[in-house]
There are 2 protein chains.
Amino acid sequence: MFEAVKKQSLSEEVFSQLRERIVSQELKAGDELPSERVLCELLKVNRGAVREGMKRLQQAGLVQVRHGGATTVLDFQAEAGPELLANLLLGQDGQVQIAVARDIVRMRQVLSPAIAADAAIRQSSELADKLDALVEQMQHTQETVHLQYLTFEFWERLVDGTGNIAYRLAMNSLRKAYQPVLQLMTFILEKSVQDVSAFQALAGHIRRGETEAAFDCAKTYIDASSEAIYCFLDAYEQGST
Amino acid sequence: MFEAVKKQSLSEEVFSQLRERIVSQELKAGDELPSERVLCELLKVNRGAVREGMKRLQQAGLVQVRHGGATTVLDFQAEAGPELLANLLLGQDGQVQIAVARDIVRMRQVLSPAIAADAAIRQSSELADKLDALVEQMQHTQETVHLQYLTFEFWERLVDGTGNIAYRLAMNSLRKAYQPVLQLMTFILEKSVQDVSAFQALAGHIRRGETEAAFDCAKTYIDASSEAIYCFLDAYEQGST
DNA sequence: CAAATTCAACTGGTATGATCAGTTGACCAG
DNA sequence: CTGGTCAACTGATCATACCAGTTGAATTTG
């Protein structure tokens, strides 16, 4: 019902303002940023705030800072990491960027079966127990939102179960990207989420270390739910044009 | 022959020192960092430098800062993005972390065939021309290092060709992670890199929009080269214990 | 005593102004 | 043309205030 009120610090404001201008190509790769002292005046903040914002831009791979020289804008498509997806998915006006959404769903679609297989190959009963417990909870709930929460939780545990840190970190970025629009997905995934038997089967395959079966099972499920999202996105795209 | 001399700013030093302590679990998730003023004294630097380092830690998803409260360490496995892989791959002492290397290679292995397929489905002659040009260059070089460069370039163009920003950003992080150890991979991939015909075939499939063939072709190649790396990593692991 | 309030002592956030340090380009001597 | 000098940029570091939110213990209040 309630949620934390937003409060943005000055350095965050500096960061997000410049970030928006970079991802919107208003500031192109190779462009030189105004000097810190000039930015202070333009943004009406002190230099520390500007510098702190710069450090974040630098960490995000959006600008290159050279002591003594000008700060230049980098090509974010070639330099930034997936953590930028969260900012790309929601444009300046808070509008969902369909193309980005499709790309995120696609990447998740590609990774998921492999994650299931890699989790299965470990044959960890500890993981299998967790998954079974989640399936158990799925079977005893009617609430779609709770069901959706459990399925996402299922996938998160699966990622953990692979022990693959690259998967883990990549999925973190994807998760943070679609986190803000989760509620939009509730009714899109209403159908596929209710197919508890798929999760039950998948959990079984993973417990028994059946990598190929786990792969196929995950693929069947994720392909279906991805397709549902694609359809929705297509329709949404049509509707807004 | 020559390379840029390294020069680390104070805020970067602060950032990397704390980052190392976090990823090494020396600072565990939930722990509270010393206050900024205390860190100043411990690190013998100005508070501005500490704060700038903090902003980077925050951007990297390693700490949570609350105005008025203490700054706490986050669970980087649950919060950080793939850009952290570069730091995880090379441990504190500069030693390559085998497990992380395996995970990175595995993720690349999983994504690559899908990337090839997604690039093929677009049937962009512009992309196909670029790929053909690269294959052309491959055929006219004997230098292994140059050949390796061209193959990596081939994959980069392929990723661009998908138009999928999620792939693009994910691969950026993977690339930045293995960039520092590229020269180590030269002789590991010597064999698989020399198979120019595979790239030629793949480029053809992509030009003709043969998604499944492109997928299979890419999979065959990437599975082989991944296997070569796994073997090396296994041997390396044995050798160092 | 128990609950509410107050308040001092933290914490991070912002501001100012000075100084150090690397880069650039114009200018000048060889 | 080469190399050096220097002034005018750029970012990096520093010191010192003060503002603002949080915390918890002391205090008041019921």
Practice item. Spell out protein contact along nucleotides 11-18 of chain D as letters: B when the base is contacted, S when just the sugar-phosphate is, - when no protein heavy atom is under 4.0 Å; keep the 5' to 3' order. Key: BBBBB-BB

Check your understanding: Taking the side chain from A/His146 and the backbone from A/Gln142, do they hold a donor-acceptor pair closer than 3.5 Å?
Key -> no

Practice item. Return yes if some donor-acceptor pair links the side-chain N/O of B/Ser112 with the main-chain N/O of B/Gln109 below 3.5 Å, else return no. Key: no

Review point. When the ring planes of B/Trp155 and B/Phe199 are compared, do they come out parallel, tilted or perpendicular, using 30° and 60° as the limits?
Key: perpendicular

Check your understanding: Do the ring planes of B/Phe232 and B/Tyr236 sit parallel (below 30°), tilted (30 to 60°) or perpendicular (above 60°)?
Key -> tilted

Review point. Is a salt bridge present between B/Arg168 and A/Glu79, judged by a nitrogen-to-oxygen distance below 4.0 Å?
Key: no

Review point. Given B/Glu52, which of A/Arg56, A/Arg47, A/Arg51 fulfils the salt bridge (Lys or Arg N to Asp or Glu O under 4.0 Å) condition?
Key: A/Arg51

Review point. Do you know the tightest heavy-atom contact between B/Asp103 and A/Ile165?
Key: OD2-N, 3.0 Å

Check your understanding: Contact boundaries of DNA chain C with chain A (under 4.0 Å, heavy atoms), 5' to 3'?
Key -> C/dT14 to C/dT24

